[in-house]
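Below is one structure, written out as structure tokens; the observations come after it.
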Amino acid sequence: IKKTRLLSAYRHPIVRGNKFLLLLVCLFSLFFIGKAQTRLELEKQRKQKEAEIAAIRKQLNDNSKEQKQTIAYLEKLEKLILNREDNISLLELEINLLNKSIGENSDVVNSMDKDLADLKEEYGKLAYFMFKNRSSYNVLSFVFAASSFSQAYKRFGFIRFYKQYRVKQIMLIEETQQALLRKVADLKQKQEDKLKLLGRVDEEKKSLESEEDEKAQVAENLKKNES
């Protein structure tokens with residue numbers, strides 16, 4: 001009876017393990033795909049904006065010293081500044097999206113790490129139980145100590161079930177470890193992407209400051225020429 005109770009104690013982990021895998025698949029499919037698409041859209045908009053900035057900047061650089069003191073030049077400069085501000089906003093939106101994704105990834109990693117520890121603990125208990133009852137004598141005595149044929153058949157089924165369950169637990173632990181490694185790598189990549197974007201924001205703000213100074217200087221020179 002005691003051994004039967006011990007065996008019954010292992011029924012719940014395999015159900016929880018299957019639910020865990022199902023939950024993991026749902027999290028990955030629903031949780032991250034939509035956000036990846038949103039970020040791709042932001043990246044596409046940002047690249048378009050950067051192409052516009054580069055084209056306007058080239059046009060401005062191609063102007064002679066005299067042409068740089070005209071209304072047309074000032075208008076192009078203002079257009080450049082507006083595009084630069086839009087680009088900074090897109091970068092900041094992308095950073096905010098990454099911050100949210102990094103936070104969510106961190107939560108998933110922590111949860112997976114805990115589930116992996118629980119799976120290993122459950123497997124350790126099962127391995128200990130199987131070790132204590134490893135001999136054919138113990139197995140047979142457990143089966144033949146049953147009070148009826150029906151109970152003996154159930155006990156034999158329990159033993160066969162837990163041998164299969166042990167193999168499934170090993171596979172589940174390995175799959176969870178691999179999924180955890182992938183998620184940690186994804187988290188690290190997002191953190192690196194965030195640092196790069198923060199660097200881009202700094203560069204864009206410096207360029208914006210320089211262009212605004214140039215705009216103020218051109219506007220002042222035009223005002224002087226009019227007077």
Side-chain angles (χ1 to χ4, degrees), residues 1-40 42 94-143 145-146 151 153-198:
I1 296 171
K2 186 178 179 182
K3 289 183 178 179
T4 306
R5 287 176 180 172
L6 281 171
L7 287 167
S8 299
Y10 290 103
R11 285 182 171 227
H12 303 293
I14 191 167
V15 175
R16 191 176 72 179
N18 289 336
K19 286 182 178 179
F20 165 75
L21 284 178
L22 181 61
L23 177 62
L24 194 62
V25 171
C26 290
L27 278 172
F28 287 171
S29 59
L30 299 176
F31 199 59
F32 296 108
I33 293 176
K35 288 180 173 51
Q37 290 174 340
T38 305
R39 191 181 168 201
L40 285 173
L42 283 173
E94 199 171 342
I95 289 169
N96 289 337
L97 193 63
L98 270 174
N99 280 334
K100 189 174 181 181
S101 184
I102 286 169
E104 290 167 348
N105 270 21
S106 297
D107 290 341
V108 172
V109 166
N110 291 336
S111 178
M112 288 175 68
D113 197 42
K114 184 180 181 302
D115 284 331
L116 183 59
D118 290 344
L119 284 170
K120 287 181 177 179
E121 183 181 355
E122 288 165 5
Y123 177 77
K125 290 177 182 177
L126 176 61
Y128 178 72
F129 173 81
M130 297 297 288
F131 175 78
K132 284 185 67 177
N133 299 277
R134 67 191 182 281
S135 70
S136 59
Y137 173 78
N138 284 342
V139 172
L140 289 173
S141 63
F142 173 62
V143 173
Q151 189 182 57
Y153 182 79
K154 287 179 180 179
R155 289 187 176 190
F156 179 76
F158 279 141
I159 293 168
R160 185 174 59 181
F161 168 79
Y162 282 106
K163 283 183 178 179
Q164 294 172 347
Y165 172 60
R166 185 179 180 182
V167 174
K168 289 181 179 179
Q169 279 292 90
I170 293 172
M171 291 175 62
L172 185 58
I173 288 170
E174 290 175 349
E175 289 170 3
T176 305
Q177 284 175 328
Q178 291 302 315
L180 180 57
L181 287 173
R182 289 193 296 271
K183 192 48 58 184
V184 169
D186 184 53
L187 178 60
K188 185 179 178 182
Q189 183 60 55
K190 282 182 168 60
Q191 289 169 335
E192 290 175 358
D193 290 346
K194 178 186 171 181
L195 289 175
K196 289 177 183 177
L197 288 174
L198 287 170

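The closest side-chain heavy-atom distance from E104 to K190 is not below 4.5 Å.
Residues forming a side-chain hydrogen bond (donor to acceptor under 3.5 Å, both in side chains) with Q189 (at least two apart in sequence, or on another chain): D193. Partners of D107 under the side-chain contact (heavy atoms from CB on, under 4.5 Å) rule, at least two apart in sequence or in another chain, do not exist in this structure. Partners of K188 under the side-chain contact (heavy atoms from CB on, under 4.5 Å) rule, at least two apart in sequence or in another chain, are E192.
Of the inter-residue distances, the one linking N96 atom CG with K194 atom NZ reads 9.5 Å to the nearest 0.5 angstrom. Atom CG of N99 is separated from atom CD of Q191 by 10.0 Å, given to the nearest 0.5 angstrom. Between the CG atom of L180 and the CE atom of M112 there is a distance of 5.0 Å, given to the nearest 0.5 Å. To the nearest 0.5 Å, atom CG of residue N105 and atom NZ of residue K183 are 4.5 Å apart.
Between the D113 side chain and the V109 main chain, no donor and acceptor come within less than 3.5 Å of each other.
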Checking salt bridge (charged side-chain N to carboxylate O under 4.0 Å, His left out) for the pair R182/D186: CA distance, chi angles, key distance, verdict?
CA-CA 6 Å; R182 289 193 296 271; D186 184 53; over 6 Å; no
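Contact between I95 and L198 at its shortest, heavy atoms only, is CD1-CD2, 3.7 Å.
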